[in-house]
Amino acid sequence: LPNRFKHFFFAPRWKLEPTTSIQDRLPGKSKEDRQTKGKKVILLIYPTAGSSLGEALARSHPNDEVFKIRLGVKNRELAEGYWEINTFGIDHTFKFSQLINPGFDVYLRDIFIPLCAGGSICIPEDEELVLDIHQIARWLEKYEINLIHYVPSMFKVLLSGELIRNSLKSLKYITLSGEEVNPAILKSWYDIIGDRIQLVNIYGPTETILAKAFYFIKPGDIRMGKIPLGIPIRGSRFIILNPHKKICPQGIVGEIYIRTPYRSFGYYNNPQLNRERFIPNPFTNDANDLIYKTGDLGRELENGNIEFIG
């Protein structure tokens, strides 16, 4: 493994008491409830770098919930992860770059999506290369990368490099997530590269496990004030609610709530935070139908896209 991975895999920040299972620290009336109908928790992940253990999120095995795309799995088109494979036409020929720090949840998308599609993962041996504006473009071309998952601030590093019209010939998609996309930074990209590489804005809190909405950015969007979050992936729904938990009419700003079967099991050993952020759906009578309170403000546009306000 490259050196930048060794700390992540071999130097954990904390360890659980040997007599305590993760399931016993999750919300639920019984052990069966905490295991979410038999799904085993194998991962705790921090939403942000400064999160405490009580803010860590519990998740199931990727093949069990998040990346359920094996042949013969019922409703596999609804599974998290398959939407990207299906929407982008990812197959065994695709090469993904792995440029994200393993401490971030997007790292899971870098790893499991290409592997589940039979593709390849290309990992720079030197972490300094990722931030080198002169080397990163040459590295992407050398290994004929087809898809990059980037945060917008890292995308700006690529823009600062020695790009020309024919740069990145093999690249098909750049997905941007984790930060708001500023339309102003896209002008120089389109001036140099044009529209032959599709930029995709992706939105999804760690609590709901990776992407929950996506938007295919167009060159004309540089004249917009904001790049939309897009439309929900199949199987998920965005609900814009006012302070009284009533649905906001189209165009009216409210808080974004996400309803999805592909969410985390909740915050580790923090029932109060779970009650505050994972609330019963006010439009059903099912106590197990939870929606996630993002804390973000947004509105639904006339074309059905969700716009992030702040």
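Partner E84 forms a side-chain contact (heavy atoms from CB on, under 4.5 Å) with one of I233, V200, I113 and no other, that one being I113. With Y203 as the partner, the side-chain contact (heavy atoms from CB on, under 4.5 Å) test is satisfied by one option alone out of V181, I306, I258: I258.
Using modelled atom types, one finds no donor on one side chain facing an acceptor on the other under 3.5 Å when comparing R109 with T175.
Under the 4.5 Å side-chain contact rule for hydrophobic residues, F94 and F214 share a cluster. Linking Ile, Leu, Val, Met, Phe, Trp and Tyr whenever their side-chain heavy atoms come within less than 4.5 Å leaves F238 and I231 in two separate clusters. In the hydrophobic clustering of ILVMFWY residues, with side-chain heavy atoms under 4.5 Å counting as a link, I192 and L168 come out together. Note: the hydrophobic cluster containing V253 does not contain I240 (ILVMFWY, side chain heavy atoms under 4.5 Å, direct or indirect links). At a threshold of 4.5 Å between side-chain heavy atoms, the hydrophobic network of Ile, Leu, Val, Met, Phe, Trp and Tyr places F308 and V151 in two separate groups.
Here OG of S153 is found 10.0 Å from CG of L176. Values are rounded to the nearest 0.5 Å. Atom CG in L140 sits 4.5 Å away from atom CD1 in I148 (nearest 0.5 Å). Taking NE2 of H149 as the reference point, atom CG of L108 lies at 11.5 Å (rounded to 0.5 Å). In this structure, the separation between CG on L171 and CD1 on I145 is 8.5 Å, given to the nearest 0.5 Å. Note that CD of E179 and OH of Y150 are 12.5 Å apart. Values are rounded to the nearest 0.5 Å. The line from CZ of F155 to OG of S177 is 13.0 Å long, rounded to the nearest 0.5 Å.
Considering all non-hydrogen atoms of both residues, N269 and P271 come closest at C-CD, 3.6 Å. Here the closest non-hydrogen pair linking G235 and P261 is O-CD, 3.1 Å. Here the shortest heavy-atom pairing between I197 and I193 reads CD1-CG2, 3.8 Å. Heavy-atom minimum distance, I90 versus A117: CG2-CB, 3.7 Å. The shortest heavy-atom contact between K212 and T260 is CE-OG1, 3.4 Å. Taking both residues in full, the closest heavy atoms of V130 and V157 are given as O-CG1, 4.2 Å, listed atom of the first, atom of the second, then distance.
Between W139 and C122 the shortest side-chain heavy-atom distance falls below 4.5 Å. The shortest side-chain heavy-atom distance between D132 and D126 does not fall under the 4.5 Å cut-off. Residues E141 and S167 form a side-chain contact, since some pair of their non-hydrogen atoms from C-beta on lies under 4.5 Å apart. Annotation: side chain of I111 is in contact with side chain of Q98 (closest heavy-atom distance under 4.5 Å). A heavy-atom distance below 4.5 Å is not found between the side chains of E276 and K293. Side-chain contact between D289 and R259 is present, with at least one heavy-atom pair separated by less than 4.5 Å. For the pair I291/I279, a side-chain contact is recorded, criterion being any heavy-atom separation below 4.5 Å from C-beta on.
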Item to check | From CA spacing to verdict: side-chain hydrogen bond (donor to acceptor under 3.5 Å, both in side chains), E207, Y267 | outcome: CA-CA 8 Å; E207 287 81 353; Y267 298 101; 2.7 Å; yes
Checklist entry - Could you go step by step and tell me if F283 and I239 meet the side-chain contact (heavy atoms from CB on, under 4.5 Å) rule? => result CA-CA 11 Å; F283 307 105; I239 308 172; 4.2 Å; yes
Next on the checklist: For a side-chain contact (heavy atoms from CB on, under 4.5 Å) check, start with the C-alpha distance between E128 and Q135, then their side-chain angles and the critical distance, and finish with the verdict.
Outcome noted: CA-CA 9 Å; E128 300 299 326; Q135 292 191 59; over 6 Å; no
Item to check | Verdict with reasoning, Y215 to D221, per side-chain contact (heavy atoms from CB on, under 4.5 Å) | outcome: CA-CA 11 Å; Y215 177 76; D221 292 341; 2.8 Å; yes
Checklist entry - Passes side-chain contact (heavy atoms from CB on, under 4.5 Å), Y257 versus N281? Steps please. => result CA-CA 10 Å; Y257 290 75; N281 188 341; over 6 Å; no
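Using cut-offs of 30° and 60° on the angle between ring planes, the pair F88 and F216 is tilted. Classification of the F278-Y292 ring pair by plane angle, with boundaries at 30° and 60°, yields tilted.
Residue-environment remark: CG (N285) stays at or below the threshold of 12 foreign heavy atoms within 6.0 Å. Surrounding OH of Y190 are more than 12 heavy atoms belonging to other residues, nucleotides or ligands, all under 6.0 Å away. Residue-environment remark: NZ (K156) stays at or below the threshold of 12 foreign heavy atoms within 6.0 Å. Within a 6.0 Å sphere centred on CZ of R237, heavy atoms belonging to other residues, nucleotides or ligands number 12 at most.
Panel note: side chain R277, backbone T294; a donor-acceptor pair is recorded below 3.5 Å. Between the T87 side chain and the W83 main chain, a donor and an acceptor come within less than 3.5 Å of each other. Under the 3.5 Å distance criterion, the side-chain polar atoms of E307 are left unmatched by any main-chain donor or acceptor of P228. Judged by distance alone, the side chain of N242 and the main-chain N or O of G254 form no donor-acceptor pair under 3.5 Å.
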